[in-house]
Trainee: 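To start, I am sharing the structure in question, which I have written as C-alpha cells.
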Amino acid sequence: MTMKKKLIILTLSVIGFLVILDTNIMNIAIPEIQSGLHVSLTDLSWAINIYTILFASFLIPFGRIGDIVGHVKLLNIALIVFAIGSTISGLASSLNVLLIGRSIQSIGAAVMLPSGMILGFRQVEKDKRNKIIAIFAATQALGAALGPTIGGFISQYFGWHWVFLINVPLVVIVLVMNLLLLSMKNEVVKKIRIDFGGTVLIAGTLFLLTLSLVEGRNWNWLSLKTIGCLVSSLLLLVIFLYHEQHSSDPIIPLKLFRNRNYVGANVVIMITFIVLASYIGIIPTFLTKVIGVSELHAALLITPMSITLLFLTPIATKLVGKVNSRILVGFGIIILSISVYLMSHLNLENNYNQLYLVDILLGLGIGSIAGPAMSIAVGRLEGTELTAAQNVLNVVRNIGMIIGIALFLSLLDGNIDSAKQNVHSYATDRIENSKLPKVVQNKMINKVKGNANTSQINSQSIKQPQISTDQTIKMAKTQTKIIIDTKSNAGIILPTEIKQQLYQKVLVTTQNKVKVINHELKGIFKDVKQYIHNQLTDAFLKLYKWELPFVVFGFLAVFIFKEKQYK
C-alpha cells in the first residue's frame with residue numbers, strides 16, 4: 001500500500017471517529033449546558049434526541065446519494081455542513097439555537113460516515129478489505145467509548161461550548177487532507193436513479209422508530225404516542241419492504257438478507273452495541289451518584305475499555321477467514337456475557353480492580369465482534385450493494401446504542417423511584433424506633449417525607465443531622481425562660497443571680513440531652529446513608545442482571561452464520 005493510500009485511510013478513519021464521538025460526547029456535559037442555557041433537563045434532552053433521530057433517519061438515503069453524485073464531493077460538502085453546525089452549537093446562547101446547530105451537525109454526520117467508509121473500502125482490493133474494516137471498526141467503537149472521557153475533560157477545563165467547537169479545527173484538517181489526497185475530478189459515479197419512494201419510506205420508518213425509543217421514557221412506554229410511533233414505524237417498514245421488492249433500483253437490495261452471514265452480522269452488532277450503550281450510558285452515572293467520584297474521574301475509569309477495544313479489534317478482524325466465524329463471534333458473546341455478569345455484581349468499596357477487569361473484558365468482547373462482524377458482512381460486496389450493506393450496519397449499530405441507553409435509563413428511573421420509596425420507609429421506621437424525643441422524631445420524619453426529588457436520594461450528598469451548639473444554647477435559654485415565667489405566674493420572683501444559676505444548670509442538662517440525641521442521630525444517619533448506598537447500588541446493578549439473559553440468549557445468533565469459514 002502506498003503512503004498516499006495510507007494517509008487517505010487514516011484521514012477517513014478520523015472522520016468515522018469524529019462522527020461517532022460527536023454522537024456520544026455531549027451526554028456528560030449536560031449539567032453544564034443546562035446551567036449555561038438555563039433550561040430544564042427535559043427540554044435540553046432534545047438537543048441529543050434531535051441529533052439521534054435525524055442521524056439515524058438520513059444515514060441510508062444519504063449513503064445512496066453518494067453513489068449518484070460522487071462520495072468525494074458529497075463528503076467535502078458534508079464536512080463543511082458539519083463544521084457550520086458545530087460552530088452554531090458551540091456559540092449557542094439559547095436552546096433553540098443549540099437545536100438548530102445540532103440538527104445541521106446530524107445531517108453532516110449522516111453523510112460523512114457512509115461516504116468516508118465507502119471511500120476507504122475503495123483504497124484496497126477486496127481481499128485486503130479486512131484491514132480497512134478493522135481500522136474503521138476500531139476507531140468508531142473507540143469514538144463511542146471515549147465520548148464520556150473527552151466530553152468530561154473538555155467541559156471541565158474549557159467549558160461546554162468547546163464540546164462542539166473542538167470539531168471545527170478537526171474538520172478543517174480533514175477537509176484540507178481530503179482536498180489534497182482525493183480528487184473530485186472524474187470521480188466514479190453510478191448511473192442509477194434515486195429511489196424517492198424507498199428513501200421517504202425508510203427515513204420515515206427510522207424517524208418514527210428512533211423517536212419512540214428516545215421519547216418512550218418521557219411519554220411512557222405504553223402511552224398512545226409511543227405505541228402509535230412504533231406501530232406506524234412497523235407499518236412503514238412493511239410498505240418499504242414491498243416497495244423495495246418491486247423497485248428496479250432499490251435503496252436497500254433485499255437480496256442482502258438472503259445472506260446468512262449478513263443477517264448474523266446485523267444481529268450480533270445490535271447485541272454488542274446495546275451492551276456497550278448500557279455500559280457507557282449507566283456506569284459513569286453510577287460512579288458519580290453512588291461511588292461519589294467526579295464526572296471526569298468516572299470517564300477515566302472506563303477508559304481501559306477503549307484502549308482494549310482499540311488494540312483488539314484489528315487483531316480479531318485479521319482472524320476472519322482463518323478462524324470459523326461461529327467460533328470468533330461466539331467467543332466475543334461469551335466474553336460479553338462474563339463482563340455483564342461482573343457488572344451485575346460490581347463491588348467498588350475498596351478499589352477499582354473489578355471495574356478494570358470489566359473494562360478489559362468488555363473491550364475484548366466488543367472487539368471480537370464489531371470488526372469481524374462487519375468484515376463478514378461486507379467483505380465481499382461491491383458497488384451499490386456495498387453502500388447499502390454498510391449503511392444498514394451503521395443504522396443497526398446506532399439503533400442498538402439508542403435502545404441500550406433509552407431502555408436502561410427508563411428502567412433506571414423506575415428502580416430509583418422504588419429505591420426512593422424504600423429509603424423513605426426505612427428512614428421513617430428507623431426514626432420511629434429510635435430513642436429520640438417525639439418532637440425531634442416528628443421533625444425528622446417530616447423532613448424525610450419532604451424529600452420528593454430523586455436527586456436527593458444520594459448517599460454522597462446528604463448531610464448528617466445534628467443539634468448545633470447555638471441551637472443547644474437557644475434551647476437552654478428557652479427552657480430557662482419557661483421556668484422563670486412559670487414561677488413568676490405563681491408569684492415567685494427570682495433574683496438575677498438565681499436566674500443565672502438556673503440557666504447554667506439548665507444548660508448543662510440540655511447539653512447532656514443534646515449529646516445523647518446527637519449520638520442517636522449519628523447512628524441513624526450512618527444506617528440511613530448505608531441503606532441509601534445499598535438501594536442505589538441495587539437500582540443500578542440489577543439492570544445488568546436483567547441484561548445478562550438477553551446477552552446469553554444472543555449466543556444463539558452465532559448459528560445464523562454459515563458453518564463454512566468466510567474467505
Side-chain angles (χ1 to χ4, degrees), residues 4 7-26 47-48 50-93 96-123 136 139-140 143 147 150 154 161-190 194 199 203 387 390-391 394 398:
K4 180 180 179 181
L7 286 173
I8 291 173
I9 292 168
L10 176 63
T11 303
L12 296 174
S13 66
V14 170
I15 291 174
F17 174 81
L18 184 60
V19 170
I20 303 303
L21 177 71
D22 190 64
T23 61
N24 294 276
I25 196 172
M26 177 184 168
I48 296 175
I50 194 68
Y51 186 104
T52 304
I53 292 168
L54 293 178
F55 180 69
S57 302
F58 291 131
L59 260 175
I60 293 176
F62 281 145
R64 184 58 177 274
I65 293 172
D67 285 337
I68 299 171
V69 303
H71 284 286
V72 177
K73 299 184 190 74
L74 197 62
L75 177 58
N76 290 337
I77 294 171
L79 285 166
I80 296 171
V81 170
F82 186 75
I84 291 172
S86 298
T87 303
I88 294 172
S89 297
L91 299 178
S93 57
N96 289 336
V97 175
L98 179 61
L99 291 178
I100 292 171
R102 291 295 285 168
S103 299
I104 296 172
Q105 276 184 272
S106 68
I107 293 172
V111 178
M112 289 161 59
L113 186 61
S115 290
M117 292 181 69
I118 292 297
L119 290 171
F121 293 156
R122 288 180 180 174
Q123 302 309 309
F136 284 167
T139 52
Q140 290 173 25
I150 296 175
I154 292 174
H161 296 278
W162 281 97
V163 169
F164 307 110
L165 293 176
I166 190 65
N167 292 332
V168 179
L170 294 176
V171 167
V172 170
I173 294 172
V174 171
L175 183 58
V176 170
M177 292 295 289
N178 275 0
L179 293 173
L180 292 174
L181 298 171
L182 294 169
S183 174
M184 290 185 284
K185 294 180 180 179
N186 303 319
E187 187 178 1
V188 177
V189 296
K190 306 291 181 181
I194 297 178
T199 298
T387 303
Q390 64 97 11
N391 283 341
N394 284 330
N398 199 48

Trainee: Measure the CG-CE distance between L79 and M177 for me, rounded to the nearest 0.5 Å.
Mentor: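 Separation between the atoms: 12.5 Å.
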
Trainee: Are I65 and L74 close enough, and set up right, to give a side chain to side chain contact (heavy atoms under 4.5 Å, CB included), and what steps lead you there?
Mentor: CA-CA 8 Å; I65 293 172; L74 197 62; 4.2 Å; yes

Trainee: Is H161 reaching over with its side chain to a backbone N or O of L91, donor-acceptor style, under 3.5 angstrom?
Mentor: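 Here the side-chain-to-backbone pair does not exist.
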
Trainee: Roughly how far apart are S86 OG and I166 CD1, rounded to 0.5 Å?
Mentor: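 With rounding to 0.5 Å, OG (S86) is 10.5 Å from CD1 (I166).
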
Trainee: Taking M112's backbone N and O only, do any of them form a donor-acceptor pair with S115's side chain (distance below 3.5 Å, no angle check)?
Mentor: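 Looks like no, no N/O pair under 3.5 Å.
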
Trainee: In Å and rounded to the nearest 0.5 Å, what is the CD1 to CZ distance from I107 to F58?
Mentor: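 Spacing of CD1 (I107) from CZ (F58) equals 5.5 Å.
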
Trainee: Does the N398 side chain pair with the main chain of N394, one donor and one acceptor, at a distance under 3.5 Å?
Mentor: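 Side chain of N398 to backbone of N394, a donor-acceptor pair under 3.5 Å: no, none is there.
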
Trainee: How far apart are the closest heavy atoms of I9 and F136, and which atoms are they?
Mentor: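 Answer, listing the atom of I9 first, then F136: O-CE2, 4.1 Å.
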
Trainee: Kindly determine whether V81 and V111 satisfy side chain to side chain contact (heavy atoms under 4.5 Å, CB included), including the steps that lead there.
Mentor: CA-CA 10 Å; V81 170; V111 178; over 6 Å; no

Trainee: Side-chain contact test, heavy atoms from C-beta onward, threshold under 4.5 Å: evaluate it for N178 versus V72 and give yes or no.
Mentor: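 Side chain of N178 against side chain of V72, heavy atoms only: no contact under 4.5 Å found.
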
Trainee: When you compare the side chain of F164 with that of L98, does any pair of heavy atoms fall below 4.5 Å?
Mentor: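 Side-chain contact under 4.5 Å: yes.
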
Trainee: Can you name the nearest heavy-atom pair linking L59 to A110, along with the distance?
Mentor: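 What the structure gives for the nearest pair is CD2-O, 3.7 Å.
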
Trainee: Answer yes or no: is there a side-chain heavy-atom contact under 4.5 Å between L182 and L119?
Mentor: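 Sidechains of L119 and L182: in contact.
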
Trainee: Going by heavy atoms in the side chains, are S106 and I50 under 4.5 Å from each other?
Mentor: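 Side-chain contact under 4.5 Å: no.
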
Trainee: Under a 4.5 Å cut-off applied to non-hydrogen side-chain atoms, are I84 and I80 in contact?
Mentor: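 Yes, at least one pair of side-chain atoms sits under 4.5 Å.
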
Trainee: Write down the atom of V19, the atom of A109, and the distance for their closest heavy-atom approach.
Mentor: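 Distance-wise, the nearest heavy atoms are CG1-CB, 3.8 Å.
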
Trainee: Rounded at 0.5 Å granularity, tell me how far CD1 in I15 sits from OG1 in T139.
Mentor: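 If I round to the nearest 0.5 Å, the distance is 10.5 Å.
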
Trainee: Looking at side-chain heavy atoms only, is the closest gap between Q105 and F55 below 4.5 Å?
Mentor: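 Result no, sub-4.5 Å side-chain heavy-atom pair not found.
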
Trainee: CD1 of I88 to CG of L165: how many Å apart, nearest 0.5 Å?
Mentor: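 Going from the CD1 atom of I88 to the CG atom of L165 covers 11.5 Å.
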
Trainee: Side chains of L75 and L12: closer than 4.5 Å at any heavy-atom pair?
Mentor: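 Contact flag for L75/L12 side chains = yes.
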
Trainee: To the nearest 0.5 Å, how far apart are CD1 in I8 and OG in S13?
Mentor: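 It comes to 12.0 Å.
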
Trainee: Mind listing the closest non-hydrogen atom pair of I20 and G143 along with its distance?
Mentor: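 For I20 and G143, the tightest heavy-atom pair comes out as CG2-C, 4.0 Å.
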
Trainee: Is a side-chain N or O of R102 found less than 3.5 angstrom from the main chain of Y51, in a donor-acceptor match?
Mentor: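 Judged by distance alone, no pair lies under 3.5 Å.
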
Trainee: Would a 4.5 Å heavy-atom cut-off, applied to side chains only, mark V14 and L170 as touching?
Mentor: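 V14 vs L170: side chains apart.
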
Trainee: Between G101 and S89, which heavy-atom pair has the shortest distance, and what is it?
Mentor: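 Nearest heavy atoms, G101 then S89: C-OG, 3.1 Å.
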
Trainee: Measure across R122 and H71 and return the closest heavy-atom pair with its distance rounded to 0.1 Å.
Mentor: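 Result for this residue pair: NH2-CD2, 3.5 Å.
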
